[in-house]
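Heads up: the structure comes next, in structure tokens.
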Amino acid sequence: MRITNSKKIMIFCGDGFRLPYDELEDFSDFYHSGIHRYDDFMVDLEKHYIKQNKIVFLGNINFIAYLERKRNSLNYTFDPDVRGPRFFGHS
């Protein structure tokens with residue numbers, strides 16, 4: 001039996017240093033919209049890398065989530081739907 005209407009979540013785990021949250025916001029916004037954020041300073045490098053490596057995003061992931069736990073700590077934060085900040089109609 002194939003389930004086609006299920007929600008798919010990709011969860012990234014990090015300590016807030018090796019995977020900065022704002023970089024994940026940029027990726028999430030690009031993944032969901034296909035458009036780089038106007039404030040993403042890595043746009044040219046990312047476009048080149050995607051084209052050179054023939055990367056195609058299928059768009060079949062509904063949510064990009066982030067679980068952060070600092071080193072040497074049992075406390076964590078979880079964001080089930082990572083998205084970048086909205087600035088006056090820009091995304």
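Computation of the quantities below employed the complete heavy-atom set of this structure, encompassing side-chain atoms and omitting hydrogens, waters and symmetry-equivalent molecules. The shown structure was predicted, so the numbers you read here are calculated from the model rather than taken from an experiment.
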Rounded to the nearest 0.5 Å, how far apart are [atom1] of [X] and [atom2] of [Y]?
X	Y	atom1	atom2	answer
F27	H32	CZ	NE2	8.5 Å
L24	Y31	CG	OH	13.0 Å
S28	M10	OG	CE	10.5 Å
R71	D15	CZ	CG	6.5 Å
M42	F30	CE	CZ	13.5 Å

List, one per line, each side-chain donor-acceptor pair under 3.5 Å for residues 59-69, sequence neighbours excluded.
{"residue": "N62", "atom": "OD1", "partner": "K8", "partner atom": "N", "Å": "2.8"}
{"residue": "Y66", "atom": "OH", "partner": "G16", "partner atom": "N", "Å": "3.3"}
{"residue": "Y66", "atom": "OH", "partner": "L19", "partner atom": "O", "Å": "3.2"}
{"residue": "Y66", "atom": "OH", "partner": "E68", "partner atom": "OE1", "Å": "3.3"}
{"residue": "E68", "atom": "OE2", "partner": "K70", "partner atom": "NZ", "Å": "3.1"}
{"residue": "R69", "atom": "NH1", "partner": "S73", "partner atom": "O", "Å": "2.6"}

Handout entry: hydrophobic_cluster_shared for F41 and V43, side chain cutoff 4.5 Å
Key = no
Give every donor-acceptor pair under 3.5 Å between a side-chain atom in residues 76-84 and any protein atom, sequence neighbours left out.
{"residue": "D79", "atom": "OD1", "partner": "D81", "partner atom": "N", "Å": "3.0"}
{"residue": "D79", "atom": "OD2", "partner": "Y21", "partner atom": "OH", "Å": "2.3"}
{"residue": "D81", "atom": "OD1", "partner": "R83", "partner atom": "NE", "Å": "3.2"}

Handout entry: Heavy-atom check, side chain of E46 versus side chain of D40, under 4.5 Å
Key = yes
Handout entry: Contacts of type side-chain contact (heavy atoms from CB on, under 4.5 Å), residue N72, not counting sequence neighbours
Key = none
Practice task
Verify the neighbour count for atom CG of N53: are there more than 12 heavy atoms of other residues, nucleotides or ligands below 6.0 Å?
Solution key: yes
Completion exercise
Between E25 and P85 the two heavy atoms that sit nearest each other are OE1-CD, 3.6 Å
Practice task
Give the C-alpha distance, both sets of side-chain angles, the deciding distance and a yes or no for side chain to side chain contact (heavy atoms under 4.5 Å, CB included) between F57 and I50.
Solution key: CA-CA 10 Å; F57 295 105; I50 290 168; 4.1 Å; yes
